[in-house]
Each structure stands twice: as C-alpha cells, then as structure tokens.
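Reading through the structure tokens given below for one structure.
Remember, it's a predicted structure, so these values are computed and weren't measured experimentally. Every chain is numbered from 1, with letters handed out A, B, ... down the list of sequences.
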Amino acid sequence: MIKQPKQKYNPKQMEEKIQKFWTDNDIFNKSVEQRKEYPAYVFLEGPPTANGLPHPGHVLTRVMKDFVLRYQTMNGHYIERKAGWDTHGLPVEIEVEKKLGLEDKQSIEKYGVKRFNEECRKSVFKYENAWVEMTHRIGFWLDMNNPYITLKNEYIESVWWSLKKAWEKKLLYRGHKVVPYCPRCGTALSAHEIAQGYKTVEDPSILVKFKIKNEEAYFLAWTTTPWTLISNVALAVHPDEYYVKISYRGEVLILAEQRAAVLMKGEGYDILDRFLGKQLEHKEYEPLFSYAKPEKKAWFVVLADFVTMVDGTGIVHIAPAFGEDDYSIGKTYDLPVVQLVKLDGTFPDEVTLWRGQFVKDADPSIIAYLEERGLISGVRSYQHEYPFCWRCDSPLLYYAMESWFIAMSKVQEALLKNNDMVTWYPEHLKEGRFGDFLRDVKDWALSRDRYWGTPLPIWTCTNSPCNHAICIGSVDELRSLSESFPDEYDLHKPFVDTLKVHCPLCKSLMIREKEVIDCWYDSGAAFFAQWHYPFENHEKLQENFPVDFISEALDQTRGWFYSLLAISTFLFDQPPYKTVLTLGFVLDENNQKMSKSKKNYVDPNIILDHEGADALRWYLMSANAPWMSTRFYEDAVKETLGKFILTLWNSYNFFATYAALDQFNPEKDMILVSERSTLDKWVLSRFHHLVGNVRSFVKQFEIHKAARAIETFIIEDFSNWYLRRSRKRLWVEEKTQDKLSGYSTIYDIFIGLSQLLAPFIPFITEELYQNLKTTDMPESVHLCDYVTVNKGVLDDDLEKAMEYIRDLVEVGRALRSKININVRYPLKEANIICSKETEESIRDLLELLQEELNVKKISFARNTDQFMIKTIKPKYAQLGPRYKEKTKTVIDMIEQSDTQKLYEELTKHEEITIIVNKEKITLNKDDFDVVEHEKEHLVKASVEDSTLFLDTNLTEELEAEGLSREIIRRIQSMRKELDLDVEDRITTELHMGSHEKNMVESWSEHIKEETRSTTLSFVKKPGGKLVKKWDIDDVHVEIGIE
RNA sequence: GGGCCCGUAGCUUAGUUCGGUUGGAGCAACCGGCUGAUAACCGGUAGGUCGGGAGUUCAAAUCUCCUCGGGCCCA
C-alpha cells in the first residue's frame, strides 16, 4: 500500500535511511551479482591517493563514474567495481618529511629509510576514512573492501614483470634527464613543486663573443646564466632565420639580422654579409675556457628551432647538462655532456678559478674575467621568472641527472595506432591534446632517486669484467638469486637493497640500481597489476582487457591516460581502454581554481549536510557538459534543490498523499492505458519520448542534456501542466474511472521516473520506489532494468495537438490580460478559426482549454468573416494631388459615412461615387486601403495559422459567477489563515449589498461545496472565529467563518 | 614562448558540427493575473556591442585571422 510520506523533504535524514536500507539488504552486491551472466562492461578505477582530503573535483569524478556504472548495470551489464589506491610517490614523501621535520635526503638517510618508508605507508591512508566516507555519502557504489593497492607485494611483482618485458624488448636504458634541482636539498623537484616557487628576479644578461676558428670574427651569443658558460659545448642558431656578419667598432661579429637591428639601434655598423642560419651549421669556434676536456667533438654551431628572435642575439649558447632544450639538441648532434658543477651547486676542483664557489655567486666574477679578456660586449640586468625551491628558497639549477628511461619513441607508431582505436569524449582530445602529445612523444624518464616507491628491479654485477645487468621480473626469480630470502618480506626499500643477490653468470654479488620508479607507472599498470597478472588470474585479464570505460579529469591526459596507453602498448601492443570520458575541472563561484590557500574551497560535506547527495549530484550532472569546467558553490546546489528536487518531491508527495487517502492499490486499481483519458495518454507519450531522448544523450555522454530533458519534462509537462490539469479529477470523493485513470498514469510515471532517474539521483528515487512498488517488483530500484521506450504509447499527433492547446491558452491568457478581464470571470465564448483537421485533433482536449481560459463555450469556424469587420480608409497621398483643395472635404465625407458599407460597395462595383459640392467624384479600389478589425466585444489573437476570438461581453450572469468565485477564493484564503485541514468543515456567514447578494445567491450551493461549508447564510453582522472585510473592486463584502 | 578548451541578458545557459526567418529558455527584476499548487503556477514588460577588432560572403553568434579575459597542458 502506498503510504503518505512525511511532509518535509529532509535530504540528510532520508539519505541515511536509504543507505541503511542498502546496507541491510546488501543491495549493492545484489545489483552486481544479478548481472553475473550478462555481458561485462569493464570499468577501471583511476586510483586516488588518500594522503590528502578529497576535493570537490574528486566528487565530480566519482559522481560521473557512478552514473555511468549504474546506468550500464541497469541496462544489463555485469560490472565489477574494484576500488584502487595510488600509494607511492613524492607527494607522500613530502608530507612525511614535513611531519617529521626532515629537510633533505641526507636527513632522511640519517632518520633511516626503513622508518621513513614505514611512515609513508601510514601516511598514505591518513585520509582513507574521509575518502571512504565521501564515496559512501555521494552514493558511489564501489567495492572499497577489495581494492587494488599499488604498495602491495603482489602489485609490485606485477609491475616488475612488466618492466622485465620492457627490458627484454630493449626499451629500458640509462640516460640523462635535465631536471630542476635544488642543490641545497640535494633533490630534483617535480613540475608541480617548481610551479609554486617561481619568482621574478634580476639576473645579469650578457652578450658573449665566441671566436670563430681560423677567422678574425666572433659569434655573439646571449645568456643569463654565465656560470653555465664553463660547460658550453655548442652554439645554436635558427636554421631559417637570416644572420648577418657586421663590422662594429673594429670587430667582426655574427648575429641574427633581426636582433642586430634591435641591439645596435642607433649605432653605426656595416653589414658585411647576410646568410641563413643553416649555412652556419658545423662551423667551429674556440672554447671560452679550457676546463672541459670533452671526449666527443664539441664547440661548433648547431641548428635548433627553439632559437627565438624575441630576445638575445639569435645565437644561443648550449650546455647540455643545464637545460632540457640543450640536452635534446645535444643528443641530436651527439654532443658531450660537460657537467662542471657539483651536486651541491659549487664548481669542482678542475675549475680552478672558482672552485668551491656556489655557481650563481660566481657570476660577477666570471663576467669580470671575460670582460678582462675582451670577450663580453654588453652587460645588462635582465628581469625574468626563475624557479626557487619551495622548501628552502634556494635558486634551482637545471641539472642533467642520470636516469632510467623507457624508449617510448621506439613504439610511437604503435601508440598512435592504439590511440586511433579509442573513443574520446570530448572528441577533440584524441587528435588534439593527446594526439599531439603522442606525435611528439619523449622517452619516459622512469626512475626517481627517492625512497617511497616501487623499487627499480635492475641489478648489476659488481665484478668488473662481468658487469652483467639483469631485470628481475618476479619474487621467485629474486628469491632464486638471493641468499637467505625470508618468508616475510616487503619489496620496498630498504629490504630489496639488503638482499645479497648473486650474478647468474659469475655468481658475484650484484647491487640494485638505487632508484624507485615513477608512481605514474604504478597506476598505469593497474589494468593488469590489479589482478596480480600474470602470476594469477589469467582469465580475469582476458575478460577485462581492454577495459570499456575510464573517466578522470582533464589533467590525466598526460598522466594516467597516457601511462595506461604507454604500458599497454609496449606490453600487448593494444589500447588498454575503449572509451575515455574526460571531465572538466570544478572551479569556484568566480571561475577560479579552487585551492586551500585562496580559501575559495568548498567542503562537499557541508553541501551534503544541507542540500543532500541527490541535489549535489544533479547539479554536477546538469550544470554543464561533463568535459566543461563547472562552477561549484553552495547557492548553485541550493537552486537545484529548490527548482528540481523539490518539484519532484512535492509532485510525489501530492500523489502519495491522495493515493494513500484513497487507498489506491496499484495491484488492483490500474486502468488499462487504452481506457485512460486523453490527458493521461498525452503525458505517457511525452514520458516515453523523454526516455528515448535520455538514452540517446547518454550514449554520447551528453549527460547534461539527458538531465535537462528530464528536468524539463518533470517541471513543465508533468508538474506544471499534467498535474495541474489533473487536480480537479483527483479531488472528487468517489473513485471514478477518471480519477483511477489519473492515479494509474501518475503511478506509471513515478515508477518510470524512479528508474529513469535512479542512476542520476539514487536516493530519492529509491525512496519513491520503495513506497510505490508492488510485491512482485524487484526489491530496490537499483535492481530494476532501465526504462525502455514503449512505442505503443507514443502519439505524435496528440503531442502536437496538446502543444496547440497550450499555445491557445497562452495567447488567450495574454488577451485576457490585455483587455483586463480577470480569469476569475467567465467569458461567454471562445471561437477558434482553424482547419477541419485541427479542429478534429483537439476535440478531446477542449475541456482543458475551456477551464484554463474560463470560457463557457468553445466554437469553431473556418474563416474569420463573421467576426471581422472590413472597412476602407482613403489613401491621402493618392487623393491629395488629384483633388487639391477639395481633398479635405472628400476625405471627411468618406470617413463620416459608413465605411463598412462603402467597402461592400467597392468590392461589388469596383468603384464608388460620391458627390462633393454637386460634383460627382468616382473613386476606385486603388484609392483605398482595406482595414480590418474585430466586431464589437471581440478580441483576437493568432496561433500558427489559426485565430482565437474571445467574446468580452460580460453579462450579469457571468458577473455573478465571477463574483462568487471571488468570494470562494477569499473564504479559501481565510481557511488557510486558520490553518484548517483540507477535510475540515466550516460554517460561513456573509454580508454584502442587496444587488450583489442577489447575484451571489444563485451560486450559494456551489460556494458551499467548494469551501466545504455546511451552511452559508447572509446576515447583517457576520460572526465566527475569523471575520474579515474585503473590497472586491467596488463591492464591499464581509465574511465570517467558523 | 607553444598548444588545447571556454567566453551569448545581472546570473545559469540553448544555438556554433554543416553560415540562412526576428539569437531561444530558466533564475532574478518589474507589471498584472491565478491559487487548498510546492522553495508554487499563468500572462506580460524590460534586459543582448553574441568578449573586442578585422576579413570572407548576398548573408556571420556560427567560417578565417588578430586581440583581450578565464582555465588547462607543455616549455
């Protein structure tokens, strides 16, 4: 039986109740298990790191994922929803360093790697509760009891296996990577870290002369880091820009033509020669210093596209050890990596002049030295952004560090081919940001010289002639090569480094490369490592690869989306996923990024407490396309609550209240659709059209459009039109066929809506469903199949007819408003001028129109003739020139006669004759404009190609009815004022003038009925609990009720 | 410095793929109506340099170029 709901919508209370219902009845598990034999829809969870609190952005991601998974489940798919945790990486280490007050790597070593990593392990789950709680509260159904965790031995073993595959394919190699490096902390910084430490500083900017070999001429280069000049090995020019050789103050210099024009502006110089940069390639010059003893050819000109004409001289000094561009051009030209700076940021002993000095401090002295030798042509100070260590504020140095790489450039074609097989939402990412990234793919710098991460499983033999290196791909393999491998172990540092591993060739001791690997590799391995593949679960991988669906925010394009594709490509030569839904960012009210420091951060819990998970979810899904950034603030969610959730709730509340009162029983009282009223058929047709639209929107991940379509249906079609128009028939006391037809339809719609909306707003839909479901229906709305379109109830003609009726109502109301006759007063007649077909199509709906417009009668006609009067109006411009001074008289005569008659005459005889001053004047059609207007008491308005006329003539009877409605309304508002229940009966006493009394008396039965008055009497002095005087226009009425 | 996405009324937005009636809605405002209809409903009014500029075209919110603002990625 349908129960009357508790009146107020209290999201927090209701959602807690629903959560309990789900838990008590194990609904989540059932929803997964009941689909076990169905086709799988494979989802892979992008693992979050639980060492920070969840952010509104994470809420969005989880809401969207949940929607898709619920939707696919209801549509008959089996989906495992394994949670995952990303547990390694520098951010974790930094948190722990902060907590323990450790400032650099030395202090970590001193503290002990074992203890340090233990702290990291703890820290990683510091906010696990907050994450679990958030996930739970927003209703994200995810198997959090059985997650994959990247720090587990099994997970690491799978990762090792994959690294060994890369090793066997000769994709792992050791090289250099230029990274921002803090010489004081002794550590490289991640991009994320340097981003927070940029400052504007002034550095010396100098123009340095490099003498060309065997020629009395110089290249003029530009730098802001004089200390790197000592490690210079080349000069770069742009291949396609023009360079000039000039004579300037007795010296011959080469620099870019554009730059010469800027730098030497106003100074005299002669151009000796002009040529393209590419002509300078391989031209040799003499080094500035003799400290470097490179083992490869150095000190010649190279070509590089990154050379700009914006500043400098168009000639860039190259030191591969200290710049990423420098390093990559160095690889192209096979330049030596000269690195005459120690890790602590000071010059080594061989740089005799500045040994032991911090490089940046040595700048002035280096400049002075070069000036003395006449090799500097200008010193200026230069303002630019320079990165500083966010921790200790030291200037960072770009520094080439040794690192292990995966040669992704070797599999670039496969990457592109695999990307081609992926469906991206939004589409532009495929060829845009992601495709561009792949076309320009760089080798993956895999290793990190840190502590908390998957250890790099590469061991090298210490025996010098042997030097054999191996990559270990499993625990068994490690065990077999190790002395006394323990039963209990943890593959992290320092355990792996304490093992005595013997070389399989010469049996000598091997030692491991000290690094750990990039944590992006960990998460990118999730598609197989979550199953501990290939050590177990072979068939699991078969069934779950490639995954059907992943979804994360836009920042993951070069993060997780890439690392998955990269690993899958070199391992299996296949894409790891079929569909990627990329989500936009969550921004604050002013479109600014949310950050704790800006204090514009919204705590999702507050919104969950106030507005509830459903309102939050609905807002996030309906506000914007998933891939667009969405503003997030409490008022926006509040608006969603008021506009949508409450409309839904109140409609439901209205229905459930009356259905409970009438003991409507959906198992017995349902009326066949074919026997329901036209209005019912209309709303069912609308609903099923909606279902079709929702399905096609969701297919394209246009979740916002699906949500908005539902919202429009509920607010406009269902609540504001269908329910409004149905109230009267549900209000009658008897169980009429019409009333049951209405209940049946509303019931159908609510069951349908609860299913249609279940993936969007899982709580309120469950609440509705639980109250409405019959015993033979699934125990939870989330165990139902998703609604499908019932083509049998689709009726385009009916929808069109209703549209037409609603248009007529609209213009009719507008007309009433224009002529100033309140809707409360009935009008005699409405006439609709339209085609026979149109008339036929709306016949069943006329009652709606009649009530909405409050007219006594609706009639039809095929043309407007009987409602319009045609008259003529003389054309002044035509008559004036012809009749000169007589014109005024002519016009006056015409206008004073019956213009309607004149029109008739003119149509009959083509011309009319009038006599002015005894002179006969003949006028023809061209002398007049035909003017049309409504007959007396009629007003008209047009809808499409038809016309509506309202008869505005208010008869005494009509006025009486109107007045009685005025009185009813006032009594009703007094009832409300007394806070009477709908059922309560009253007695009513009225006082008014005798004329009005006579008018109203004939309606007294009606008034009694409408106001639930047992008696209605006309008295001199009305009494009762509430007595009020009213002025209805100029009628004074006094009403008392009891 | 390079790339990608976004910019439409006070606010939230539709329309932009593929140029074509007068750029549609909702919220807020204002006027009026209706109401045992909910944080309502109905009618009307006002509110737009479609971020700005230029170009292509018979025709540009829509295409091209430049530019400004926001966001992101990379240097």
Side-chain angles (χ1 to χ4, degrees), chain A residues 7-9 178 191 194-195 305-311 323-325 328 385 398 426-429 431-437 439-440 442 553-559 562 582 584-593 619 622-625 627-631 635-636 638-654 704-705 708 711-712 715-716 719-721 723-728 731 806 809-818 820-825 852-854 941 965-966 968-976 979-984 1010-1012:
Chain A
Q7 296 288 319
K8 267 253 179 224
Y9 176 74
V178 176
I194 58 167
D305 287 334
F306 61 76
V307 175
T308 74
M309 297 295 134
V310 177
D311 42 27
E324 196 165 342
D325 283 337
S328 64
E385 298 270 291
Y398 285 89
E427 208 189 331
H428 62 78
L429 287 173
E431 291 307 321
R433 188 178 287 198
F434 198 69
D436 286 344
F437 183 63
R439 276 184 285 277
D440 190 32
K442 302 249 164 63
L554 187 60
D555 54 336
Q556 297 299 326
T557 17
R558 281 148 195 225
Y562 172 69
T582 311
F585 290 99
V586 174
L587 305 175
D588 79 350
E589 188 164 1
N590 305 310
N591 254 326
Q592 299 294 309
K593 204 162 96 166
Y619 171 71
S622 64
N624 231 329
W627 39 85
M628 302 255 275
S629 53
T630 300
R631 295 199 211 171
D635 278 347
K638 207 176 254 170
E639 201 185 310
T640 299
L641 174 69
K643 201 173 68 182
F644 175 68
I645 303 282
L646 286 181
T647 305
L648 174 66
W649 178 259
N650 290 325
S651 308
Y652 156 73
N653 190 59
F654 163 78
H704 62 306
K705 290 191 181 173
R708 289 173 190 178
E711 189 168 310
T712 306
I715 297 176
E716 295 300 327
S719 177
N720 287 352
W721 186 250
L723 284 184
R724 177 154 67 95
R725 292 311 328 154
S726 291
R727 275 175 189 268
K728 266 237 167 71
W731 181 245
R806 292 175 79 170
V809 169
E810 189 180 318
V811 298
R813 296 262 190 153
L815 268 183
R816 270 180 163 274
S817 163
K818 205 157 73 188
N820 222 353
I821 300 180
N822 295 351
V823 180
R824 224 177 281 128
Y825 288 86
E852 286 288 318
L853 291 182
N854 195 15
R965 274 183 75 166
E966 298 272 15
I968 290 167
R969 207 204 111 202
R970 278 157 179 89
I971 297 171
Q972 301 287 36
S973 79
M974 287 167 73
R975 281 183 64 113
K976 256 189 182 172
D979 207 19
L980 294 182
D981 209 63
V982 180
E983 302 289 293
D984 294 340
E1010 287 290 310
T1011 59
R1012 299 209 164 220

Open item on the list: Suppose you measure atom C1' in rU16(B) against the same atom in rC63(B); what distance do you get, rounded to whole Å?
Closed with: 10 Å
Open item on the list: Between C1' on rG33(B) and CZ on Arg970(A), what's the gap in Å once rounded to a whole number?
Closed with: 13 Å
Task: Watson-Crick or G-U wobble partner of rG48(B), both distances under 3.5 Å - done: none
- [ ] Measure the spacing between CG of Leu587(A) and OG1 of Thr630(A) and express it to the nearest 0.5 Å.
- [x] 8.0 Å
TODO: Could you check whether Arg433(A) gets within reach of a base, just the sugar-phosphate, or nothing at all, counting any heavy atom under 4.0 Å?
DONE: base
Task: Distance-only donor-acceptor test (3.5 Å): side chain Ser719(A), base rU38(B) - done: yes
I'd like a list of close polar pairs between nucleotides 12-19 of chain B and the protein, N/O only, cut-off under 3.5 Å.
from    : atom 1 : to        : atom 2 : distance (Å)
rU12(B) : OP1    : Arg631(A) : NE     : 3.1
rU12(B) : OP1    : Arg631(A) : NH1    : 2.3
rU12(B) : OP1    : Arg631(A) : NH2    : 2.1
rU13(B) : OP1    : Ala623(A) : O      : 3.2
rU13(B) : OP1    : Asn624(A) : ND2    : 3.3

Open item on the list: Please enumerate all residues that pass side-chain contact (heavy atoms from CB on, under 4.5 Å) together with Ser651(A), with sequence neighbours excluded.
Closed with: Thr647(A), Phe718(A), Ser719(A), Leu723(A), Phe750(A)
Task: Side chain Asp440(A), main chain Asp436(A), donor-acceptor under 3.5 Å - done: no
Task: Atom pair CD1/OH of Ile645(A) and Tyr619(A) - distance to nearest 0.5 Å - done: 14.0 Å
Task: Cationic N near anionic O, under 4.0 Å, Glu431(A) to Arg439(A) - done: yes
TODO: Could you give the distance separating rA14(B) and rC74(B) at their P atoms, to the nearest angstrom?
DONE: 28 Å
Task: Where protein sits on nucleotides 23-29 of chain B, one letter per nucleotide: B base, S sugar-phosphate only, - none, heavy atoms under 4.0 Å - done: ---S---
- [ ] Calculate the interatomic distance between Phe654(A) atom CZ and rA40(B) atom P; express it in whole Å.
- [x] 18 Å
Task: Nucleotide forming a Watson-Crick or wobble pair with rU38(B), both distances under 3.5 Å - done: none
- [ ] Can you tell me, in whole Å, how much space there is between the C1' of rC65(B) and that of rU57(B)?
- [x] 16 Å
Task: Arg727(A): side-chain contact (heavy atoms from CB on, under 4.5 Å) partners, not counting sequence neighbours - done: Phe654(A)
Open item on the list: Going by purine N1 to pyrimidine N3 plus the second Watson-Crick contact, or the G-U wobble pair, all under 3.5 Å, which nucleotide sits opposite rA59(B)?
Closed with: none
Task: Interatomic distance, Arg439(A) CZ vs rG3(B) C1' [rounded to whole Å] - done: 12 Å
Open item on the list: Below the 4.0 Å mark, does rU38(B) have OP1 or OP2 next to a side-chain nitrogen or oxygen of Asn653(A)?
Closed with: no
TODO: Measure from CD on Glu427(A) to C1' on rC5(B) and round the result to the nearest Å.
DONE: 14 Å
TODO: Could you grab the distance from atom CH2 of Trp627(A) to atom CD of Glu427(A), nearest 0.5 Å is fine?
DONE: 10.0 Å
Open item on the list: Can you measure Asn650(A) atom CG to rA40(B) atom P for me and round it to whole angstrom units?
Closed with: 10 Å
Task: rG23(B) versus rA29(B) - spacing of their P atoms, nearest Å - done: 27 Å
TODO: Could you list the residues that satisfy side-chain contact (heavy atoms from CB on, under 4.5 Å) with Arg813(A), not counting sequence neighbours?
DONE: Arg724(A), Val809(A), Val823(A), Glu852(A), Leu853(A)
Task: Pairwise C1' distance for rU38(B) and rG48(B), with rounding to whole Å - done: 33 Å
Open item on the list: What is the separation between atom CG on Asp635(A) and atom C1' on rC11(B), rounded to the nearest whole Å?
Closed with: 11 Å
Task: Whole-Å C1' distance, rA9(B) and rA28(B) - done: 11 Å
Task: Nearest-0.5 Å distance that lies between atom CZ in Arg970(A) and atom CZ in Arg965(A) - done: 12.5 Å
Open item on the list: Between rG2(B) and rA54(B), how many Å separate the two P atoms, rounded to a whole number?
Closed with: 24 Å
Open item on the list: Just verifying a value: how many Å separate Asp325(A) CG and Tyr398(A) OH, rounded to the nearest 0.5 Å?
Closed with: 10.5 Å
Task: Arg806(A) side-chain N/O to rC42(B) phosphate OP1/OP2 under 4.0 Å - done: no
Task: Rounded interatomic separation in angstrom, taking CG from Leu723(A) and C1' from rC42(B) - done: 16 Å
TODO: Look through every strand shown and name the nucleotide pairing with rU64(B) as Watson-Crick or G-U wobble, where both distances are under 3.5 Å.
DONE: rA54(B)
TODO: Please measure how far the C1' atom in rG53(B) lies from the corresponding atom in rA60(B), and state the result in whole Å.
DONE: 15 Å
Task: For Phe585(A), all residues meeting ring-ring contact (aromatic ring centres under 6.0 Å, His included), sequence neighbours excluded - done: none
